[in-house]
J.: 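One structure coming up, written as structure tokens, with questions to follow.
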Amino acid sequence: MDSETIQKQKAEVAQAAVKYIQNDMVIGIGSGSTMWYLIEELGKRVQAGLRITGVPTSIATKAHAEKLHIPLKTLDEIDQIDLTIDGADQIDDHYQGIKGGGASHLMEKIVATNSKRNMWIVDESKLVPTLTYPVPLEVIPYGSRQLEKRLQALGLHAKIRKTTDQQFVTTDSANYIIDLSITAVPNPAALADQLNQLVGIVEHGLFLDMVNTIIVQHADGPQVINVR
């Protein structure tokens with residue numbers, strides 16, 4: 001799909017998702033390009049009288065939501081999140097996902113695991129038979145070069161993420177990102193188990209068995225997939 005079609009689908013799927021938000025809910029607000037449209041829609045509804053509390057998953061999300069006067073609290077200021085809505089970089093046929101292209105997957109996963117329900121909203125380009133998107137790892141800066149070498153030795157095609165001017169990309173928690181450019185991830189659970197054994201990795205971007213509902217925007221409208 002061309003970029004204009006993708007952006008149109010992102011806006012449309014955001015409009016479909018806000019219909020699930022009701023008064024007095026605590027909503028986890030994800031990060032990324034699709035979520036930009038969701039925050040815009042949510043801001044309109046709040047201005048029209050919707051009463052919700054948002055829990056942002058990144059500094060950028062927090063700033064955007066505050067600009068639109070969406071009431072926010074931190075995760076530690078609430079008891080539980082009713083629904084978290086977020087995007088995904090890819091979703092496979094078994095509804096396992098990769099997130100973290102925007103370097104926010106640690107906070108996104110913390111919020112998701114503290115939510116009663118999780119919803120992913122995506123354009124149709126994000127659905128794939130097998131995951132192929134680079135798997136991001138949030139890692140401690142200390143020893144990150146050695147960790148990169150160890151991952152390379154394991155055949156995981158690791159590379160520390162840098163900006164165009166060759167500066168280390170840092171997360172909101174002041175950590176680095178290592179991307180694993182693996183051709184395909186046919187067994188995400190096995191890869192997750194392998195990564196969980198490595199010291200220095202704070203969190204990987206494999207979101208496994210976490211999503212309850214997926215809304216996929218197609219050219220002819222949204223498709224709602226009830227996963228669990």
J.: For the hydrophobic clusters of this structure (ILVMFWY residues joined by side-chain heavy atoms under 4.5 Å, transitively), does one cluster hold both Val227 and Met119?
T.: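 No, no single cluster joins them.
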
J.: Can a donor-acceptor pair be found between the side chains of Gln80 and Asn114 at a distance below 3.5 Å?
T.: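 Distance-only check fails for Gln80 and Asn114.
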
J.: For residues Asp123 and Ser125, is any side-chain donor paired with an opposing acceptor at under 3.5 Å?
T.: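 Checked: Asp123/Ser125 side chains pair up, N/O donor to acceptor below 3.5 Å.
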
J.: What heavy-atom pair brings His64 and Glu40 nearest, and what distance separates the two atoms?
T.: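 In this case the closest contact between His64 and Glu40 is NE2-OE2, 2.7 Å.
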
J.: Do Asn175 and Ser173 get their side chains close enough for a donor-acceptor pair, meaning under 3.5 Å?
T.: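 Side-chain D/A pair, Asn175 to Ser173: absent.
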
J.: Would a 4.5 Å heavy-atom cut-off, applied to side chains only, mark Leu180 and Leu195 as touching?
T.: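 Yes, side chains in contact.
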
J.: Can you find a pair of side-chain heavy atoms, one from Leu198 and one from Leu154, that are under 4.5 Å apart?
T.: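 Answer yes - side chains close enough.
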
J.: Would you sort out whether Val18 and Leu50 count as a side-chain contact (heavy atoms from CB on, under 4.5 Å), showing the intermediate values?
T.: CA-CA 11 Å; Val18 294; Leu50 178 68; over 6 Å; no

J.: Any carboxylate oxygen within less than 4.0 angstrom of a Lys/Arg side-chain nitrogen, looking at Arg45 and Glu41?
T.: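 No, this pair does not count.
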
J.: Kindly give the heavy-atom pair with the smallest separation between Ala17 and Ile85, and that separation in Å.
T.: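 For Ala17 versus Ile85, the nearest heavy atoms are O-CD1, 4.2 Å.
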
J.: Does Lys109 reach the side chain of His204, with side-chain heavy atoms less than 4.5 Å apart?
T.: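 In short, these two side chains touch, coming nearer than 4.5 Å.
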
J.: With a 6.0 Å cut-off (strictly less than), is the heavy-atom count around NZ of Lys162, excluding the residue itself, greater than 12?
T.: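 Yes.
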
J.: Does a sphere of radius 6.0 Å around CG in Asp79 hold more than 12 heavy atoms from other residues, nucleotides or ligands, not counting ones at 6.0 Å or beyond?
T.: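 Result for CG/Asp79: open.
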
J.: Could you check whether any side-chain heavy atom of Ile182 comes within less than 4.5 Å of a side-chain heavy atom of Leu156, counting everything from C-beta outward?
T.: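 Side-chain contact under 4.5 Å: yes.
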
J.: For Ala158 and Leu151, work out which heavy atoms get closest and say how close.
T.: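 Minimum heavy-atom separation between Ala158 and Leu151: CB-CB, 3.5 Å.
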
J.: Do the rings of Phe168 and Tyr176 sit parallel, tilted or perpendicular, given the 30° and 60° boundaries?
T.: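 Aromatic pair Phe168/Tyr176 classed parallel.
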
J.: Taking all atoms of both residues into account, what is the closest heavy-atom pair of Leu206 and Pro188, and its distance?
T.: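 Shortest heavy-atom separation between Leu206 and Pro188 comes out as CD1-O, 3.7 Å.
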
J.: Picking from Glu138, Glu108, Glu203, what satisfies salt bridge (charged side-chain N to carboxylate O under 4.0 Å, His left out) with Lys99?
T.: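 Exactly one option meets the salt bridge (charged side-chain N to carboxylate O under 4.0 Å, His left out) with Lys99, and it is Glu108.
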
J.: So, for Arg161 and Pro136, which heavy atoms are closest and what is the spacing to 0.1 Å?
T.: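 In terms of heavy atoms, the two residues are closest at NH2-CB, 3.7 Å.
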
J.: Please say yes or no: joined through hydrophobic side-chain contacts below 4.5 Å, possibly via intermediate residues, are Leu38 and Val46 part of one cluster?
T.: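 Yes; Val46 is reachable from Leu38 via cluster members.
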
J.: Is any side-chain heavy atom of Arg117 closer than 4.5 Å to one of Thr84?
T.: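 No, their side chains stay 4.5 Å or more apart.
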
J.: Treating Ile, Leu, Val, Met, Phe, Trp and Tyr as nodes and any side-chain heavy-atom pair under 4.5 angstrom as an edge, say whether Ile214 and Leu131 lie in one connected cluster.
T.: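 In one cluster with Ile214: Leu131, no.
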
J.: Does this structure show an ion pair linking Arg51 with Asp24, if we count only N-O contacts that are shorter than 4.0 Å?
T.: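 Here Arg51 pairs with Asp24 in a salt bridge, since their nearest N and O are under 4.0 Å apart.
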
J.: Against Tyr37, only a single residue in Glu12, Gln7, Gln15 fulfils side-chain hydrogen bond (donor to acceptor under 3.5 Å, both in side chains); can you say which?
T.: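 The residue from Glu12, Gln7, Gln15 that satisfies side-chain hydrogen bond (donor to acceptor under 3.5 Å, both in side chains) with Tyr37 turns out to be Gln7.
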
J.: State, yes or no, whether a side-chain contact exists between Thr61 and Ser31 at a heavy-atom distance under 4.5 Å.
T.: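 In short, these two side chains touch, coming nearer than 4.5 Å.
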
J.: If I compare all heavy atoms of Gln47 with all of Leu68, which pair ends up nearest, and what's the gap?
T.: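 Nearest pair, atom of Gln47 first, then Leu68: NE2-O, 3.7 Å.
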
J.: Within a 6.0 Å radius of atom CD on Glu4, are there more than 12 heavy atoms belonging to other residues, nucleotides or ligands?
T.: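 12 or below, so no.
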
J.: Taking the side chain as everything from C-beta on, heavy atoms only, tell me whether Glu124 gets closer than 4.5 Å to Gln223.
T.: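 Result no, sub-4.5 Å side-chain heavy-atom pair not found.
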
J.: Does any non-hydrogen side-chain atom of Ile52 lie less than 4.5 Å from one of Ile70?
T.: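 In short, these two side chains touch, coming nearer than 4.5 Å.
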
